[in-house]
Structure formats: C-alpha cells, structure tokens
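Report on one structure; see the data block that follows.
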Amino acid sequence: MARPDLLDPVLGDLDTRIREALAVAGLPDADPELEKPKQPEHGDWATTAALRLAKPAARNPREVAQLIVDHLEVPEVVDEVSIAGPGFVNFRFAHRYHEDLVRQVVAAGPRYGRSVKPEEQRRAVNVEFVSANPTGPLHVGAGRWAATGDAIAELLEAAGDTVVREYYVNDAGEQIRRFGESVVLVATGQDLGDEHYRGRAIVGVARELVETHGDGLFDVQPGDDDVVGDETAGVQHRDGVLDDHEVAETRPPAGERAGPAAADQRVHPGVSARVGVLGVEVMRRRIEHVLHTMGVDFDVWFSERDGLHGTGAVEATVAELRERGQAYEADGALFLRTTDHGDDKDRALIRSDGRPTYFAADCAYLRDKWSRADQLYYLLGADHHGYVDRLRAAAACLGVPEDRVEIRIGQLVNLLRAGEPVRMSKRAGETVDLDEVIEEVGVDVVRYHFLRQGLDTTIDFDLAVVAQQSMENPVYYVQYAHARINSLIRTADERGFDHGTLDEVDLSLLTHPAELELLTAMAQLPLVVAQAAELRATQRLARYAEDLAGTFHRFYTECRILAPADATDEQRAEQEAVGRARYWLAVAAKQVLANALGLLRVTAPERM
RNA sequence: GCCCCCGUAGCUCAGUGGAUAGAGCACCGGCCUCCGGAGCCGGAAGCGUAGGUUCGAUUCCUACCGGGGGUACCA
C-alpha cells in the first residue's frame, strides 16, 4: 500500500518510529499504514498496526496498541497520542505541522501531490486503452476508456512511474477489405449490403478520399491483383466498448461474421483492400482528432498492419512460442497451450489453411510491448472479458511474469436521454457519436462523469441530465470552488488587500475548525494520489476533489478573509492579520484543487 | 450451460477486514446589509437474502434471488 513516508517527511518519521516501537516491544514488524481518521476529533493521523498485529502477537488489539504507545518515541511534532476504539492509535499533530503544509503546498505548486519512487520501484508502464476499430467513429462508450485510461496514466506518472499511452490500431485483415468495399460502394453511389459499414462517417471518408486521390482511386490498379490471399487476413479487434444499441452500426451482422466473407462481386478485392487501408487511415485520424478534443493524446499509435504483419513479428512470435514448447499442431492447425495457464481451451494461432489468427497477432503485440515496457496495462471493455484468460495465458507462454501484465475490465456505458435509451436507428443511420456528445455537454463534463465512478459499475450517461449545469454534475461543484477562490484573490487585489508574503504571515492564527478541516483535507492529496494510482481507481481522486471543494466552501462561508467593503477602520485592522493567514490558506487550497483536477485532466477554470 | 460485473438512503453513486457506513439529487426547515447563493447549516432515510471465516464483515468465502455483459481454427 502507499507509503506516506515517501510522500511527507513528517509522516515518514512517524512511520519509522512506529516500526522502531514495534521492534523494541518485541512485536512482529508491520506497516503502520498511517491513515486519516474518519472523525476529525480522533486526530490528524492514525495507525491500525495494533489491530493487524493482534493475531500474530496473540494479544488483544488494545493491549498491542498500549505496547506500541509505551515504546513509541513520540516525534516532536505530535502533540497527543491516544488509543481509541478497538485499538487505533491516534496522533494529533502540533499546529506547526499545518502551518508548514501551507508553505509546502505553495512552494511545490503543481507538483504537490506527486511523488517520486525509488529507482528500483519505478516502472515503465505501457497503458493501452480505447483501441477502437478504425472502421467507424468513436462511440460514447469509447469516451469512458479514453478518460479513464488517460487519467490512470496521469496518476501512474504522478506516483513516479513513466508511462506510454498507446492505441492499438486494428488496421489489418478482412474487416479492412470490407471497409474499403463499403467506401467504394458509397463513393460510387451503389447500394450497400447488410455486411457493409455505413453511416455518415463512411460518407465522409469516401468524400475525403475522392478529394485527395481523385476518382481513379476506385479503378483497378497494377498490384491490386496481388492482394488475393492476404496474409494478414484476420481480424476485427477489441473494438473498444460499444453500447449494445450501437453494435450493429459498426459490426456486420452475426451471420456475416462467420468465415471469410464472400467479397462483393461489384468491387475488385484488390481495390477494396487498397481503399480500405487509405480509408482506415482517414478514420484513424478523425478518431485521433476527437480524442485530442477530449484532451487525450496518445504517445504511440501502434499499427497492426505495419507494426506486426509488416515486420514479420507475427511469424517470429509464433516461432518463439514453438521454441518455448507452448504450441502444438492438431488437425492441421497450430494451437497455443493456454489451458496450461488458466484458459478454458487451447487457442489457435495458425488456422489449418495457414493463415494466422487474430490471437496470433495479439501475442505478437504483447511480445512487442513487453520489449518496450516492464509493466503492461490493458484497459478493456466488458464485452471483451472473454478475452482476458487467453491474453494472460499468452503472456505466461511468452515468459512475462504474471504481475507485470494487468488486464482490467470496465463495465459498459448506457447512453440515455431523459431516462430513455438512445436507440440507434440503423436505417436512418442515426447514431450519437462521442464528438457530438462532447459538443453537446463539454469535455470536462464527459471526462468527469466517467472518472467519478468505479470501473466495475455500468454507467448511465444521460444527455438530458448531464447537460444541466447543476449538482447533477459534480464537476461544476469542484470547479466552482476553484473559480471562487480565484475570484476571492482577484477581489483582494482590486481592493488593495495587503496579503503580505508567505514567509512573514502568521499562520498560527488559523485555528477555526473550518480552517483546520481544510488544512487536514489538503494534507491528504499525496496519499490519495498514491492510493488512486496503486488501485488504478480514478474515482478516489474525483471523490477527494469533491470533498475538498465542500470543505473549502464551508471554510469560505464561515471564515471571512477580506473585511466588508463598508467596514470601519477598526474592523479592518482587526480582520487584517487573520485575513492574511486565511488568504494564504485559500491560495494553497486553490492549488490543491487545481492539482486534483489536473491529475484527472479536467480544467480548473479561473472563472465560470 | 459456463464465465465476468453489479445489488449500499426514494434516485445516482463513494466506501483497498476496523471507530458512529458517506456525498450529491429529490423532500422538509433555516442562513450574509459584507469576499461569487453554481454556496452553507439542520432534518428524515440504507448495506438483496441465508449461511460461513474473523476479535471485528458493506468489504473475504458459499448458496440463493434480482439486474447487466460475455461465451468461436469469427472477424
């Protein structure tokens, strides 16, 4: 678990001393796991070590707590140590600790909340997310993976790891030919079959291709005859998460998916393949653009076609798996022994007709990533959960340690409007894509809505609700707190408020309960960030931001900073000293709010 | 059939084995002659059911009930 001692020297010292006390008392070693008591009156920090040591020490928890307290060399900064409840050891810190916090926050600025890992614990993490098929526009569901994957990447960086954000572009195989075929038919005004991709996006791609390449694009060209028997034949991939109502829009009907589909006789397969490659790139760029509007910028767009099939990586991977003795032939096909590693059945790598399966490409991709990173994180939608076991098994077959491959499944998103499912009318080609939702409600709302809920809850995204600028949208609550502080600072400047410098201000005047609560809330950020990163749980940080905003609003309501505009000189003078301390507290609180929002990559507006 | 996720306040959701289970919305009642009322304070209201493990279970295990998703030498 996150070690507060790595985040804060004062907590680090306390952590060390508790460990020493355990040793001196003859108790087993244990991580003190310093935490914030739920009730403020219990103190500033607490350890549960006694509770967890009760069993190994064969004593009751309160006795163990007493032993710890008896042997603890209490740090100077701790004013009070107490035992409470079943065996908590609570610490109340001297006021000086809180005063230091304000200075620490202001000094660290945007870095407050981030931490550094010791070299040996630092990981190069590859975070793969979204990876939607480039054969259609991004749906709302993909927005969830975009927001979540991006924020998790940010959290990991904040916790001291290095991160690569990666998008796997599934641009090889049968689906590309079919996509190209669809584009050709659309561009030449012919009817589409049930197996074809359709919708505004296809029309847009067709139009753009004609503009850039001319009509000759659709004529048979030299080389087009070579593509028959495409060696990459393969695959439609983990296409992000589709709303169930939307699946039919981008995925050919089930009946069409069995086996290599018969090519449409109206279009030369070579033309389809060539146009497909071009069209997919156009679509990919559009996806890239939408993600960019969402604030998500990938470091690597990994092309299956260029990166795996084009480099022989698939063959090399299959060869390695054979060498490792993890593959065997049966019925003319080649299978991977995934059942040795927890899968239900062995999976085919090479079909009996010699073509590699999609799974083979997946193995090659995993191997490629493992050569570039030492921790692999996959964020997949629940519609791909059936894929998890074989992916884990593939990693095991390739010799990747179990704890270095993390595959997380997120539940899907239901798109609603005023409680009614937004149904996709296939005939009308009516869909609601991610870019339209962003347009309608704004990036921050979309991102935050996805980030404040855990990955394993299904999210209802109701356009009617989310469009309201009210507390149905907690992001506004947090942003409002930030804007409000900014307004406060602005007003202070306008009135010529003399806030002095942080060095000279007397922060010991911050004694109001609302001030102390704000201070202790601010002190939590580094720990919250570390825990959120460790758990890959963005909602931890979002909920923290909401709590912090609430704590600030209470402080704001109860504690005046500026004297009233019509105050007498006496009132003004009286207010001045404490007002200065509060001013700096507000400045620090603004920084913490900005940092929390920044880690979620949600904007912290100066005014709204 | 098998696998995965969920079930916490009227609603939407937090809560990595610990103290009195928390927010928002909705409802009821209050709050500044003054720094942004997109705010603050108060009230009422809850762990699906039954077992088990544990000093301690919303949390872990089993069964059941209810809801959602997935199940291919497919692409």
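Only heavy atoms go into these numbers, but all of them, side chains included; no hydrogens, no water, no symmetry mates. The sequence lines fix the lettering, A, B, ..., with proteins before strands; numbering per chain opens at 1.
Comparing the same atom, C1', in B/rC5 and in B/rG24 gives a spacing of 24 Å after rounding to whole Å. Comparing the same atom, C1', in B/rG36 and in B/rA19 gives a spacing of 38 Å after rounding to whole Å. Here, B/rG17 and B/rU59 have their C1' atoms 7 Å apart, quoted to the whole Å. Between B/rU12 and B/rC55, the distance separating the two P atoms is 38 Å to the nearest Å. Rounded to the nearest Å, the gap between the C1' atom of B/rA21 and that of B/rA14 is 10 Å. Rounded to the nearest Å, the gap between the P atom of B/rG22 and that of B/rG46 is 13 Å. B/rU20 and B/rG30 have their P atoms separated by 34 Å, given to the nearest Å.
Residue-to-nucleotide contacts include a donor-acceptor pair under 3.5 Å from the side chain of A/Asn90 to the base of B/rA19. Side-chain N/O atoms of A/Thr458 and base N/O atoms of B/rC6 include no donor-acceptor pair closer than 3.5 Å. For a distance-only test at 3.5 Å, the side chain of A/His385 qualifies as a donor-acceptor partner of the base of B/rC3.
Set against B/rG69, B/rG18, B/rU16, the side chain of A/Pro86 has B/rG18 as its closest nucleotide. Nearest to the side chain of A/Tyr476, among B/rU54, B/rA38, B/rU20, sits B/rA38. Of the candidate nucleotides B/rC73, B/rC40, B/rC35, B/rC73 has the atom nearest to the side chain of A/Lys345. The A/Asp383 side chain lies nearest to B/rG70 when the options are B/rA19, B/rA38, B/rG70. With B/rG22, B/rU16, B/rG37 as the candidates, the nucleotide lying closest to the side chain of A/Arg540 is B/rU16. Relative to the side chain of A/Gln531, the nucleotides B/rC5, B/rG36, B/rU16 differ in distance, and B/rU16 lies closest.
The aromatic rings of A/Phe335 and A/Tyr328 sit parallel, their planes meeting at an angle under 30°, below the 60° perpendicular limit. Between A/His499 and A/Tyr583, the ring planes are parallel. Angles under 30° get that label, and only those over 60° would be called perpendicular.
As judged by a 4.0 angstrom heavy-atom cut-off over every strand, A/Arg347 is placed among residues touching the sugar-phosphate backbone only. Within the nucleic acid shown, A/Gly87 has no heavy atom closer than 4.0 Å to any nucleic acid atom. When heavy atoms are screened at a 4.0 angstrom cut-off, A/Asp331 is found touching base atoms of the nucleic acid.
A/Tyr480 has its ring centre less than 6.0 Å from the ring centre of A/His553.
Aromatic stacking of A/Phe88 on B/rG18: not satisfied for centres closer than 5.5 Å together with planes under 30 degrees.
Between A/Tyr168 and the options A/Phe129, A/Tyr378, A/Tyr365, a ring pair (Phe, Tyr, Trp, His ring centres under 6.0 Å) holds for only A/Tyr365.
Positionally, the nearest nucleotide of RNA chain B for A/Thr457 lies more toward the 5' end than for the other of A/Lys36 and A/Thr457.
Between A/Leu67 and A/Arg59, the closest side-chain pair of non-hydrogen atoms falls below 4.5 Å.
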